[in-house]
Amino acid sequence: MYNKEIDKKWQNKWQDKNFFKAKDNKEQKKFYGLVEFPYPSGSGLHLGHVKAYIGMDVIARKKRLEGYNVLFPIGWDAFGLPTENYAIKTGIHPREVTDTNIKKFTEQAKSIGFSFDFDRQVDTTDPSYYKWTQWIFLKLFEHGLAYKDETEVNYCNGCQVVLSNEESQGGKCDRCNGEIIQKTKEVWMLKITDYAEKLLQGLEEVDFPESVKLQQQNWIGKSKGAEVDFKLVAGKKETDENLTVYTTRLDTIFGVTFMVIAPEHPLIEKYKDSILNVEELIEYKNSAKKKTEFERVQLAKDKTGVEVKGITVINPFTNKELPVWVSDYVMMGYGTGAIMAVPAHDTRDFEFAKKFGIEIVQVITDGKTTVTEEPYIEITEGTMINSDFLNGKPVKEAIETALDYATTNKIGTPKTNYYMKDWAFARQRYWGEPLPITKCEKCGLVPLKYEDLPLVLPNLKDFKPGEGGESPLAKAEEWIKTTCPKCGIPAERETDTMPQWAGSSWYFLRYIDPRNDNEIASKENLKYWLPVDWYNGGTEHVTRHLIYSRFWHRFLYDIGIVTTKEPYAKRSAQGLILGTDGEKMSKSRGNVIDPQDVINEYGADTLRTYMLFIGDYADAAPWNENGIKGAKKFLDRVVRLENIMVEDYQKEDNELEEEINRTIKKVTEDYEAMKYNTAIAQMMTCINLVYKKGVISRKHLEQFLTILSPTAPHVAEEVWSKINSTYIEETTWPMFDESKIIKDEIEMPVQVNGVFKFKISIDSNASKEDIEKIVMENENLEKYIDKNKIKKVIVVPGRIINFVV
RNA sequence: GCGGGUAUGGCGGAAUUGGCAGACGCGCCAGACUUAGAAUCUGGUACCAACCGGUGUGAAGGUUCAAGUCCUUUUACCCGCACCA
């Protein structure tokens with residue numbers, strides 16, 4: 001019987017033997033397998049972590065047996081709000097909480113038998129680690145990619161913290177799920193937008209799931225269009241000012257009947273003397289700001305707006321004067337914060353025009369559709385009308401022609417826009433990396449000298465953020481006081497800290513050389529280990545960690561630190577484990593399964609085997625207690641194999657030989673494709689046959705245990721130890737013999753009109769003609785058909801024979 | 001609204017990519033062992049008819065000798081984004 005005592009025994013021995021230590025051996029072929037390092041929360045490892053780590057552990061263990069030098073590291077993404085909130089509540093220092101949690105996580109990870117190289121652990125909250133996080137920040141600053149700016153930021157009232165766009169998707173806080181409000185604040189930003197194009201292009205050279213690529217592409221949101229200048233008329237006089245808009249549909253410029261600017265558009269402030277209804281506009285701006293996410297999204301169809309009175313613009317193509325409106329359906333953060341509205345061919349503009357009674361001019365037609373009830377937005381088969389020199393052209397051509405015209409006449413330029421915004425890179429919190437910046441009255445924002453890193457967090461007792469949304473560090477008076485690194489006069493430190501995503505944006509580089517005090521990692525080690533060959537993790541990080549870390553890595557490549565453009569050659573994602581009720585596991589639903597409970601009752605290998613067997617690794621699957629018992633039963637059957645082992649078969653057993661070889665082949669291929677469920681099913685089938693035969697040879701048992709070991713390492717090792725004095729880790733992955741799998745005679749199904757009738761045994765090398773002849777002579781055939789009425793015979797060797805009558 | 005995905009027995013899920021639908025596991029039924037139970041081992045298990053046979057992969061059409069797989073239409077659910085100008 002398999003029991004959990006077996007687990008501990010082998011975990012200790014593996015550790016003593018250093019089997020999982022990655023060697024910086026440049027001669028050996030390498031494999032770098034990575035999993036997302038966990039945030040060590042108080043509640044311990046959850047099933048999501050476990051599933052992610054088991055998946056890559058199987059690959060890592062297999063690669064070692066295949067002769068690779070494997071780097072399979074683990075670490076701790078330990079900065080973050082929950083620890084800090086816990087510290088605020090209990091008064092226990094975050095350092096202490098973090099250390100306790102890391103210890104717990106380490107024990108748990110070991111108890112599941114993950115083959116991590118624990119000697120390479122990194123902890124993002126360790127000054128020897130965040131020294132390099134700060135170093136990278138200084139490099140970004142040096143290259144103009146970190147800047148401080150007063151902008152509209154996402155702010156979570158609950159957490160009292162500024163969030164990035166990625167952290168506030170759907171208008172909700174990533175952490176507390178609370179409502180996000182917009183706030184004007186001076187914060188540090190990283191210019192990730194400068195890397196939009198590189199992040200997009202990089203996707204072409206990596207092996208990521210298509211859905212992941214697509215999601216990142218959408219997040220980056222590239223669009224090609226043009227900026228066009230509309231001459232501004234204020235107080236009935238033409239000004240020198242232009243209202244610049246961004247459009248992807250320059251072809252529709254003759255259909256523009258009004259302009260819309262965002263409520264915060266600077267034009268309002270600048271021309272307040274000419275505008276007749278400034279107060280009304282300010283009031284609109286304030287009320288728009290107060291709208292909740294629900295009102296903005298759900299009631300989006302109900303367009304609101306105010307006309308800017310006293311100001312108009314001139315359409316540069318028609319010289320017609322157009323009214324300017326303000327509406328919150330135009331965002332200051334995208335394009336120029338102003339649009340040319342073409343109600344005939346844009347849903348939003350159409351709704352707005354309908355509501356405010358603005359003229360609608362159709363400029364594209366398919367010959368039948370009119371735009372009285374709804375806009376015509378189909379572009380593929382439309383041709384231009386009411387559009388002067390564009391008339392008669394198909395849409396695509398019209399876009400080109402209009403753009404040429406605009407460029408030639410200097411009224412517009414081609415322009416590519418990205419939806420992605422710069423990364424708000426400052427949190428008003430204690431438990432994060434201090435920003436290594438000094439605020440000097442004379443010199444402004446001055447970076448620390450590289451040799452003065454790390455800038456270590458002061459030891460505070462009170463971690464509460466300030467009332468005005470300032471960092472707890474603002475209270476650390478002694479720490480704040482410093483001198484300007486440039487001119488030497490008294491100055492103050494920056495009190496915001498970095499977001500949690502900072503440490504995780506480069507941690508995979510530190511594993512490569514974790515104790516190096518002079519560099520992120522040595523050049524030789526980076527060259528040897530990069531890129532990460534395979535990165536497995538959750539889908540929730542696609543537009544967060546995965547995009548941030550690609551950005552940092554690409555930057556480090558551009559400044560010559562790392563050796564590859566992209567950090568991860570291959571990315572895979574595991575599916576969710578749902579509760580027994582089929583719902584997402586959550587404390588509030590009370591359907592959470594603690595992996596530790598499962599290990600205590602059934603052993604680590606049962607948990608591992610079950611989780612891999614439950615269904616396709618990439619799909620979500622509900623937890624099922626009975627399934628666990630099935631996995632346990634299988635492992636018990638493996639344990640008992642020892643009893644029926646013989647040194648060699650009395651006479652050659654072709655059937656067992658064949659099944660073992662088939663199993664090696666299937667498991668080898670399926671592991672590599674993360675099709676763990678079918679790999680395990682095949683191993684079960686194999687064991688079932690062995691039991692039926694009541695015997696297995698030493699060689700076959702050894703081979704079987706070797707291929708089982710990535711899934712169930714403790715059980716495999718235990719049985720191995722009974723028949724061997726070595727370790728599985730010291731053996732090599734078995735080769736399969738293809739010739740043993742191919743049978744001389746195969747059973748082929750015979751169909752009549754596509755319906756299965758009977759099977760026939762045929763030489764596997766038989767040609768089409770031979771097969772047809774053999775079947776025609778088969779006595780069974782007459783039972784089903786009259787040979788004279790055969791219209792056609794389809795023979796696919798190895799697959800099927802079908803008679804059409 | 002846009003983008004992506006999923007749908008197969010009582011349940012979790014297989015199906016070499018167009019070639020015997022339901023591998024493997026759970027559950028259930030039967031048998032062996034046992035005083036008995038547990039455990040273990042063996043066999044059975046899509047549905048209807050229960051004899052020939054017929055019907056079946058969310059629904060409706062289509063292509064094909066042959067469709068879970070391809071095409072068209074459609075429904076439900078899940079995930080992501082959301083006024084992207």
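Here is the naming used below: chain letters follow the sequence lines, and residue numbers restart at 1 for every chain. As the structure is a computational prediction, the values presented were derived from the model and not from experiment.
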Discussion item. When the P atoms of B:C78 and B:A23 are compared, how many Å lie between them, rounded to an integer?
Written reply: 30 Å
Practice prompt. Would you kindly check if the NZ (Lys) or CZ (Arg) of A:K415 is within the cone defined by 45 degrees around the ring axis of A:Y246 and under 6.0 Å from the six-membered ring centre?
Written response: no
Response to the item:
Under a 4.0 Å heavy-atom criterion, the protein footprint on nucleotides 16-21 of chain B, written with B, S and -, is ---BB-
Practice prompt. Indicate, with a heavy-atom threshold strictly under 4.0 Å, whether A:R637 touches base, sugar-phosphate, or nothing.
Written response: sugar-phosphate
Discussion item. Does the structure place the NZ or CZ of A:R662 under 6.0 Å from the centre of the six-membered ring of A:F736, at an angle of no more than 45° from the ring's axis?
Written reply: no
Item to complete: Can you tell me, in whole Å, how much space there is between the C1' of B:C20 and that of B:A67?
Response: 14 Å
Item to complete: Report the nucleotide, chosen from B:C24, B:A85, B:G27, that has the shortest atom-to-atom distance to any side-chain atom of A:N626.
Response: B:G27
Worksheet, complete the sentence: Across all chains, not counting sequence neighbours, the side-chain contact (heavy atoms from CB on, under 4.5 Å) partners of A:D346 are A:R348, A:D349
Response to the item:
For RNA chain B, the dot-bracket notation using Watson-Crick and G-U wobble pairs below 3.5 Å, [ ] for pseudoknot-type crossings and | for other-strand pairs, is (((((((..(((......[....)))((((((.......))))))(((....)))..(((((..]....))))))))))))....
Worksheet item: Does the pair A:D302/A:K355 count as a salt bridge with the N-to-O cut at 4.0 Å?
Response: yes
Practice prompt. May I ask you to say what A:N688 touches in the nucleic acid, namely base, sugar-phosphate or nothing, with a heavy-atom cut-off under 4.0 Å?
Written response: sugar-phosphate
Fill in: Separation of the C1' atoms in B:G13 and B:G22, to the nearest angstrom
10 Å
Worksheet item: Touch check for A:V330, heavy atoms < 4.0 angstrom, all strands: base, sugar-phosphate only, or nothing?
Response: base
Worksheet item: Any sub-3.5 Å donor-acceptor pair from A:D636's side-chain atoms to A:Y2's backbone N or O?
Response: yes
Worksheet item: Can you tell which of B:A14, B:G43, B:C26 lies closest to the side chain of A:K633?
Response: B:C26
Worksheet item: Would you call A:E601 and A:K4 a salt bridge, using N to O less than 4.0 angstrom?
Response: no
Discussion item. With nearest nucleotide decided by heavy atoms, which residue, A:A631 or A:V755, maps closer to the 5′ end of RNA chain B?
Written reply: A:A631
Worksheet item: Which listed nucleotide (B:C83, B:G43, B:G4) is nearest to the side chain of A:L214?
Response: B:G4
Fill in: Closest to side chain of A:F613, choosing from B:G43, B:G12, B:U40
B:G12
Discussion item. Need to verify one output field. Residue with the more 5' nearest nucleotide on RNA chain B, A:N218 or A:D349?
Written reply: A:N218
Worksheet entry | Quiz item: A:K629 side-chain donor-acceptor pair to B:C26 base, under 3.5 Å | no
Response to the item:
Looking only at B:G80, B:C83, B:C26, the nucleotide nearest the A:Q215 side chain is B:G80
Response to the item:
From the candidates B:U42, B:G25, B:A14, the one with an atom nearest any side-chain atom of A:D616 is B:A14
Worksheet item: For A:A338, which contact category applies under a 4.0 Å heavy-atom criterion: base, sugar-phosphate, or nothing?
Response: nothing
Practice prompt. Looking only at non-hydrogen atoms, find the nearest pair between A:M748 and A:G798 and report the distance.
Written response: SD-N, 3.6 Å
Worksheet item: Rounding to a whole Å, what distance do you find between A:I644:CD1 and B:C41:P?
Response: 10 Å
Discussion item. Measuring from the side chain of A:P622 (C-beta onward, heavy atoms only), which nucleotide among B:A14, B:G12, B:C83 has the closest atom?
Written reply: B:G12
Worksheet item: In a check of side chain to side chain contact (heavy atoms under 4.5 Å, CB included) between A:V598 and each of A:L607, A:T606, A:V50, which one passes?
Response: A:L607
Practice prompt. For nucleotides B:U45 and B:G1, find the distance between their C1' atoms and express it as a whole number of Å.
Written response: 48 Å
Fill in: A:E655/A:K693 salt bridge by N-O under 4.0 Å criterion
yes
Worksheet item: Base, sugar-phosphate alone, or nothing: which one does A:D636 contact when heavy atoms must sit under 4.0 Å apart?
Response: nothing
Fill in: NZ or CZ of A:K675 within 45° of A:Y671 ring axis and under 6.0 Å
no
